[in-house]
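This report refers to the structure that appears directly beneath it.
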Protein chains: 2
Amino acid sequence: MMSINHDPETFVYPADMNEGQEALALWLRRLELRSPLTNFDRETVLSFPGTLRRYASSRDIVRLGERTQQSCLVVDGIVARFGQTSEGHRQLTAFYIPGDMADLHSAVLPVVTAPLQSAMTATVYFVPHDVIRRAGERSATLARAFWRDCVVDAQVASEWLLNVGRRGALARVAHLLCELSCRHFAVGLTRYEFPLNLTQTHIGEALGLTGVHVNRMMRALRSQSLVQTEGNMLKILDWAGLASVGDFDPGYLHMKREVDD
Amino acid sequence: MMSINHDPETFVYPADMNEGQEALALWLRRLELRSPLTNFDRETVLSFPGTLRRYASSRDIVRLGERTQQSCLVVDGIVARFGQTSEGHRQLTAFYIPGDMADLHSAVLPVVTAPLQSAMTATVYFVPHDVIRRAGERSATLARAFWRDCVVDAQVASEWLLNVGRRGALARVAHLLCELSCRHFAVGLTRYEFPLNLTQTHIGEALGLTGVHVNRMMRALRSQSLVQTEGNMLKILDWAGLASVGDFDPGYLHMKREVDD
DNA sequence: CGCCAGATTGAGGACGCTCAATTCTGGTGG
DNA sequence: CCACCAGAATTGAGCGTCCTCAATCTGGCG
């Protein structure tokens, strides 16, 4: 009973596997970074039940118009949220890396207006909405942490809007790389060297650019010795330089604990 | 004691004026559209205390980096959220019309990463965060409604990202006009004729375009008999045509009540 | 009547797109 | 071990949308 799914490229695992718990721990770390939680809250989150599932490249995880019953916690790989025009042009509106609850918002607004797909390969831990809601009702601090997590997600989208609307192609690419770097760091992963599990087309779709043009911009960044690529690993050689080119200020990510009033 | 502010163009009024209550009623209507509330919730919201203030064109309402103690309910005019690059290029990331709580999210994340300004003239009713938080703690349905309101705001930002990233200039403008029309309608205002209290520069800053180019696109829309302008009033002559040009589907606004699971 | 913000219009240029060909890479099967 | 293949990265050439930089026009207001 390795698979309960007909798609040969996705597999469902029993819920007792470790990966889900590890991702919950990453997520918890992020929640705590933004608001203090009680021990009770921590235990509640860490014991969230769920289902683990793996996806091959570019698979639908949540479809447009669906009414979801669960939220997606990214365990491995990258999950992308996107919209598309009637002509079929896609715009990715968010990337979710391990430790991100990609559609926590669906706990409160289950109708899907922006679908989710795996970028390259991805593993997702599905947590039922019931569980999330009940946790929020029992603990006001947790409810607030969830709400806040959604707010931060929204602020990231705003920053993307600024990026796409007002910066040149080179800055856009640099900005995205800086953001991913910081977000990896925020969940305890390596900061200056991480797997860029995205095709250049994905990056283009996120930035309002063509994959072709992303390629040229990457070349420019490499030729300026700002970054280096080996396979899908990205190395940031000159953080300050990259941040400068990308006009990057990490404030919008709210990665530092802020004192509550 | 008409004014407690040194800026000669902003005025603070005593809290017992009616306009604040009217705006609260508009907001409540929107909250209810998205999730059912109890009578207790309604009374709670309608009795939110606050401070009324008027702004002239392009005034700061909430500044970058500030730590706010209150949220801004738009009573009249349009309030814009924006970001800007280090070179000073502005990108508006949201418009808020009467009945919108422009920064409800600040109740949960008070550090401002995206400031607010009045677009043209605007009136705002400030509600203290304490009040909002306490209301959320007392009523789980209300807490959820607040959270959901923020989520919808985020989905609008995502749609803007799609708009700016993937549509041509003409479609962008048409899309924005459609959105504003629907949002006016959703709070009970007129749908096909409403004041467009924005300069073409504002519209450009919202769409990642130049004011000059917005002008050309508006001309195109007029010449196709889709819209008509008289002063700052916008008339939509051909809704279906405009929606088609703008590739507009109102789903993301979540204006219809959805059954809860 | 002069002033100012905003709308309008024109001409030229740049950035990023389209289309297409080629190379590179990892995986697969013989 | 090599041939083969698909997906992705890379590169080139020509083009179009939208920007830049003006200048002019309009309406409201002191």
Side-chain angles (χ1 to χ4, degrees), chain A residues 8-9 56-59 78 85 87-91 117-121 163-177 195-223 227-234 245, chain B residues 8-9 56-59 78 80 85 87-91 117-121 163-174 195-223 227-234 245:
Chain A
E9 304 210 52
S57 183
S58 294
R59 307 282 151 179
I78 296 187
T85 65
E87 286 130 24
H89 293 131
R90 283 159 47 110
Q91 172 70 42
Q117 266 193 3
S118 55
M120 310 251 25
T121 188
N163 202 29
V164 171
R166 289 293 165 205
R167 285 195 260 256
L170 187 65
R172 282 187 219 178
V173 174
H175 192 278
L176 178 63
L177 296 180
L196 194 60
N197 284 317
L198 299 167
T199 65
Q200 293 180 343
T201 302
H202 284 134
I203 296 175
E205 287 176 334
L207 298 175
L209 297 171
T210 306
V212 173
H213 206 61
V214 169
N215 184 290
R216 296 191 227 272
M217 296 303 105
M218 288 295 289
R219 170 154 52 101
L221 291 177
R222 274 191 311 250
S223 76
V227 303
Q228 182 181 327
T229 54
E230 284 178 30
N232 66 359
M233 286 303 285
L234 180 85
V245 167
Chain B
E9 305 209 51
S57 183
S58 294
R59 307 284 152 178
I78 296 187
T85 65
E87 285 130 26
H89 293 131
R90 281 159 49 109
Q91 172 70 43
Q117 266 193 3
S118 55
M120 309 249 28
T121 188
N163 202 30
V164 171
R166 289 293 166 203
R167 286 195 259 255
L170 188 65
R172 282 187 220 180
V173 174
L196 194 60
N197 285 316
L198 299 167
T199 66
Q200 294 181 341
T201 302
H202 283 134
I203 296 174
E205 287 176 334
L207 298 175
L209 297 171
T210 305
V212 173
H213 206 62
V214 169
N215 184 291
R216 296 190 229 271
M217 297 301 104
M218 288 295 290
R219 171 154 53 102
L221 292 177
R222 275 190 312 251
S223 75
V227 303
Q228 184 181 324
T229 53
E230 286 179 28
N232 67 357
M233 285 304 284
L234 179 85
V245 167

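Order of the sequence lines sets the chain letters (A, B, ...), proteins ahead of strands, with each chain counted from 1.
Put simply, CZ on A:Arg90 and NE2 on A:His202 are 6.0 Å apart, with the number rounded to the nearest 0.5 Å. Taking OG1 from B:Thr201 and CG from B:Leu209, the interatomic distance works out to 11.5 Å, rounded to the nearest 0.5 Å. Atoms CD1 and CD, from A:Ile78 and A:Gln117 in turn, are 13.5 Å apart once rounded to the nearest 0.5 Å. Rounding to the nearest 0.5 Å gives a distance of 4.5 Å between CG of A:Asn215 and CD of A:Gln200. Going from atom CG of A:Leu177 over to atom CG of A:Leu198 covers 9.5 Å, rounded to the nearest 0.5 Å.
Using a 4.0 Å heavy-atom cutoff across all strands shown, B:Gly168 reaches sugar-phosphate atoms only and no base atom. Residue contacts for A:Arg222: at a heavy-atom cut-off of 4.0 Å it reaches the sugar-phosphate backbone alone, with no base atom in range. Contact annotation for A:Gly208: backbone-only contact, meaning every heavy-atom pair under 4.0 Å involves sugar-phosphate atoms and none involves a base.
Scanning residues 212-220 of chain B for heavy-atom distances under 4.0 Å to DNA chain C yields B:Val212, B:Asn215, B:Arg216, B:Arg219.
Closest approach of A:Arg172 and A:Leu207 over heavy atoms only: NH1-O, 2.7 Å.
Checked by atom type and distance alone, the side chain of A:Thr121 never pairs as donor or acceptor with a backbone atom of A:Ala56 at under 3.5 Å. Within the 3.5 Å criterion, the main-chain N or O of A:Gln228 finds no donor-acceptor partner in the side chain of A:Arg222. At distances below 3.5 Å, not a single donor-acceptor pair connects side-chain atoms of A:Thr210 with backbone N or O atoms of A:His213.
Where the helix from C:dC1-D:dG30 to C:dG30-D:dC1 starts and where it ends, the local axes point in directions that differ by 30°; five pairs per end, rounded to 10°.
Spacing between atom CZ of A:Arg166 and atom C1' of D:dC19 amounts to 10 Å, rounded to whole angstrom units. Going from atom CE of A:Met120 over to atom P of D:dG7 covers 11 Å, rounded to whole Å. Summarising the geometry, the separation between CD on A:Glu230 and C1' on C:dT25 is reported as 14 Å, rounded to the nearest angstrom. Between A:Glu87 atom CD and C:dC17 atom P the separation is 16 Å, expressed in whole Å. Rounded to whole Å, atom C1' of C:dG16 lies 20 Å from atom CZ of B:Arg167. Between the CG atom of B:Asn197 and the P atom of C:dG6 there is a distance of 13 Å, given to the nearest Å. Rounding to whole angstrom units, CG of residue B:Leu209 and C1' of D:dT20 are separated by 14 Å.
For the pair A:Leu170 and B:Gln200, nearest-nucleotide mapping onto DNA chain C gives the more 5' position to B:Gln200.
Within the 4.0 Å cut-off from OP1 or OP2 of D:dG7, not a single side-chain nitrogen or oxygen of A:Thr199 is found.
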